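A quick write-up on the structure given underneath.
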Protein chains: 2
Amino acid sequence: MEARANGEGSTPLYLRVRDQLANQIEAGLLAANTRLPSERVLAESHGTTRVTTRLALAQLEAEGRIYRSNRRGWFVSPPRLVYNPTQDYSFSDNVTSQGRTPATETLEVTATEVAPWLANKTGLAVGDAIVRLRRRRQVDGRPVLVENIYLNPKRLPGIEQYDFNRSLWKLLREKYSVELQGKRIEMFPTALVDPQAEALGVNAGTAGLYVTRRSHDADGVFVEFDEEFWLHDTLSIQVEVQ
Amino acid sequence: MEARANGEGSTPLYLRVRDQLANQIEAGLLAANTRLPSERVLAESHGTTRVTTRLALAQLEAEGRIYRSNRRGWFVSPPRLVYNPTQDYSFSDNVTSQGRTPATETLEVTATEVAPWLANKTGLAVGDAIVRLRRRRQVDGRPVLVENIYLNPKRLPGIEQYDFNRSLWKLLREKYSVELQGKRIEMFPTALVDPQAEALGVNAGTAGLYVTRRSHDADGVFVEFDEEFWLHDTLSIQVEVQ
DNA sequence: AAGTGGTCTAGACCACCAC
DNA sequence: TGGTGGTCTAGACCACTTG
């Protein structure tokens with residue numbers, strides 16, 4: 001029950017455990033997607049308890065160096081995917097060009113009505129018809145984001161009928177001759193909470209990046225509003241202007 | 001010592017505590033920058049221990065709803081600052097226009113040499129002369145970011161002599177006739193670690209957003225490379241293209 | 001000096017996953 | 001079925017900040 005004196009200088013124990021693990025990762029002893037030893041084993045080998053070990057692991061997770069998968073354990077994070085949200089965009093092409101393997105799952109397609117918050121974001125009127133598409137996307141078998149896409153059925157009649165497990169941007173261009181323009185992007189870091197956390201198979205509270213994008217066509221007609229929930233350690237945003 | 005049965009359904013206790021606090025914040029019972037009751041008081045009033053209470057607080061912190069200040073307590077987060085990193089930029093003007101109060105402190109100005117990682121980012125050669133400027137910026141008295149700015153002394157001779165507690169962009173325009181162009185922006189969420197965490201008065205491991213920006217002038221000459229470390233709950237990025 | 005958050009112990013039971 | 005992470009208890013001492 002007694003808390004021990006701090007031993008080595010003033011650095012907290014959990015940060016010293018963190019440093020040791022970080023060094024092993026940097027030295028390449030633990031390659032990307034390798035599983036770490038179990039929390040109990042780590043605790044014992046560092047002469048401490050699980051609580052302190054978990055503090056160290058949480059640090060590394062916050063830095064984006066490791067991630068957890070269900071209750072299977074802790075794994076070394078692979079490099080971040082480079083992502084430019086201002087470009088017309090094929091997730092699949094982008095992932096492939098970085099030597100990784102993409103996958104997309106359509107979770108849901110619904111015809112619904114514009115809610116007040118969405119009216120704010122899109123300029124549509126509350127109650128207007130809208131098509132909602134929900135997808136999950138993976139890189140090398142790990143889910144990295146879920147997205148809700150709101151499509152304007154006036155500009156995209158019959159959009160519900162298509163296969164959404166491919167590039168939406170290509171679909172819009174080929175079937176509707178839409179060249180997306182005038183993108184307005186908003187993003188901020190936040191924790192992933194429940195519908196998204198569950199879809200990604202992570203605990204509520206896992207760090208994420210929330211990205212939204214509104215696009216219209218060359219005539220200024222609203223085409224789509226996209227809302228993406230990324231795991232925070234999986235991407236690096238890159239934008240070029242002028 | 002015994003762990004108790006879960007009582008109310010399957011929602012973990014720390015998430016129920018989180019929900020209660022979140023409701024109080026949303027209902028306006030706890031205004032922005034208000035201090036929460038102490039961890040011990042919260043623990044007792046929810047019939048649990050500090051460890052569990054801290055889990056709940058960490059959740060709210062990850063969501064950007066509360067923040068901590070030194071060892072003074074937990075506070076309700078004010079609204080995020082809207083920030084467009086692609087624009088020529090006066091922090092002061094931007095903060096003021098959002099009804100908040102800005103402050104800037106220059107922490108350090110050094111003439112130094114380009115290191116390998118910086119050569120990569122800027123296109124300069126390793127060993128080239130460079131001026132390094134380090135600043136901390138506050139909103140309503142709370143530090144929200146620290147930044148390292150690397151300035152090209154060839155394009156900006158005598159730059160060290162100026163006062164950096166004002167807008168750098170305005171300085172460049174007025175004194176050097178620089179119109180910044182060709183910005184390349186990169187950003188990703190990550191934890192803030194030591195020099196930055198300390199400068200911001202937060203614990204190592206606090207969630208942050210890392211933003212870099214490289215700019216050149218109208219002739220393509222490299223002007224500055226900027227590296228910003230933001231507290232994750234303090235900003236919302238907004239970009240408009242085309 | 002009193003109170004705050006920061007760190008830490010040494011256990012426990014549970015839910016879920018892989019074998 | 002055994003091992004994993006997820007949750008939780010009931011304490012303790014420490015470092016720092018505040019009156």
Side-chain angles (χ1 to χ4, degrees), chain A residues 1-19 21 34-62 66-75 141 191 194 197-198 201-206, chain B residues 1-19 21 34-62 66-75 141 191 194 197-198 201-206:
Chain A
M1 208 63 53
E2 82 259 48
R4 275 174 324 95
N6 206 331
E8 186 165 338
S10 58
T11 306
L13 176 54
Y14 77 92
L15 287 181
R16 302 206 301 274
V17 173
R18 184 222 85 100
D19 290 344
L21 289 171
T34 302
R35 223 196 105 221
L36 299 187
S38 80
E39 295 177 358
R40 288 166 178 85
V41 169
L42 287 172
E44 190 170 8
S45 74
H46 290 90
T48 183
T49 61
R50 268 184 78 204
V51 174
T52 299
T53 304
R54 278 169 70 82
L55 271 183
L57 293 169
Q59 280 279 324
L60 292 165
E61 184 187 36
I66 64 175
Y67 66 94
R68 36 188 145 179
S69 172
N70 292 324
R71 286 155 194 268
R72 298 195 303 115
W74 296 85
F75 298 81
D194 223 9
E198 211 209 323
V202 300
N203 293 335
T206 299
Chain B
M1 209 62 54
E2 82 258 49
R4 276 175 323 96
N6 206 330
E8 187 163 338
S10 58
T11 307
L13 176 54
Y14 76 94
L15 287 181
R16 300 204 303 273
V17 174
R18 184 220 86 99
D19 290 344
L21 290 171
T34 302
R35 222 197 103 220
L36 298 187
S38 80
E39 294 178 358
R40 287 167 178 85
V41 168
L42 286 173
E44 191 171 6
S45 74
H46 290 90
T48 182
T49 62
R50 268 185 76 206
V51 175
T52 299
T53 304
R54 280 171 68 81
L55 270 183
L57 293 169
Q59 279 279 322
L60 291 165
E61 184 187 36
I66 63 175
Y67 66 95
R68 36 188 144 181
S69 173
N70 293 322
R71 285 155 196 270
R72 299 194 303 116
W74 296 84
F75 298 81
D194 223 11
E198 209 207 326
V202 299
N203 293 335
T206 300

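Each chain gets a letter, A, B and so on, in the order the sequences are listed, and its residues count up from 1. Just the heavy atoms: all of them, side chains too, but no hydrogens, waters or symmetry mates, feed the values below. Computed from a predicted structure; not experimentally measured.
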Under 3.5 Å donor-acceptor pair, A/Arg72 side-chain atoms to D/dG3 base atoms: no

Length of the line joining A/His46:NE2 and C/dT7:C1', which is rounded to integer Å: 17 Å

Sub-4.5 Å side-chain heavy-atom contact between A/Asn203 and A/Arg68: yes

Donor-acceptor pair (no angle test) under 3.5 Å: A/Arg40 side chain, D/dG5 base: yes

Straight-line distance of B/Arg54 CZ to B/Trp74 CH2, nearest 0.5 Å: 6.0 Å

Base of C/dG6 paired with side chain of B/Arg68 (donor-acceptor, under 3.5 Å): no

Rounded interatomic separation in angstrom, taking CD from A/Gln59 and P from C/dG6: 12 Å

Separation of D/dG6 P from B/Leu55 CG (nearest whole Å): 11 Å

Distance in angstrom units between B/Arg54 CZ and D/dT7 P, rounded: 16 Å

Nearest-nucleotide comparison on DNA chain C, the residue closer to the 5′ end among A/Arg50 and A/Leu15: A/Leu15

Exercise: do B/Thr53 and B/Arg50 side chains pair donor with acceptor under 3.5 Å: no

Sugar-phosphate only, base, or nothing, as touched by A/Ser38 at under 4.0 Å among non-hydrogen atoms: sugar-phosphate

Phosphate OP1/OP2 of C/dC8 contacted by A/Thr48 side-chain N/O (<4.0 Å): no

Atom-pair distance (OH on B/Tyr14; C1' on D/dG5), nearest Å: 12 Å

Nearest listed nucleotide, side chain of B/Leu13, among D/dT4, D/dC8, C/dG6: D/dC8

Separation of atom CH2 in A/Trp74 from atom C1' in D/dG6, rounded to whole Å: 10 Å

A/Thr52 vs C/dT7: side-chain N/O to OP1/OP2 distance below 4.0 Å: no

Upstream residue (5' side of DNA chain D) when A/Asn70 and A/Val51 are each assigned their closest nucleotide: A/Asn70

Atom-to-atom span, CD of B/Glu44 to C1' of D/dT9 - whole angstrom: 15 Å

Contact under 4.0 Å: B/Arg71 side-chain N or O vs C/dG3 OP1/OP2: no

Spatial distance of atom OG (B/Ser38) from atom CZ (B/Arg72) [nearest 0.5 Å]: 14.5 Å

For C/dC19, the Watson-Crick or wobble partner whose two distances fall under 3.5 Å: none

Length of the CD-C1' vector between A/Glu39 and D/dG3, whole Å: 12 Å

Beyond-backbone contact of A/Thr48 with A/Leu42, side-chain heavy atoms, under 4.5 angstrom: no

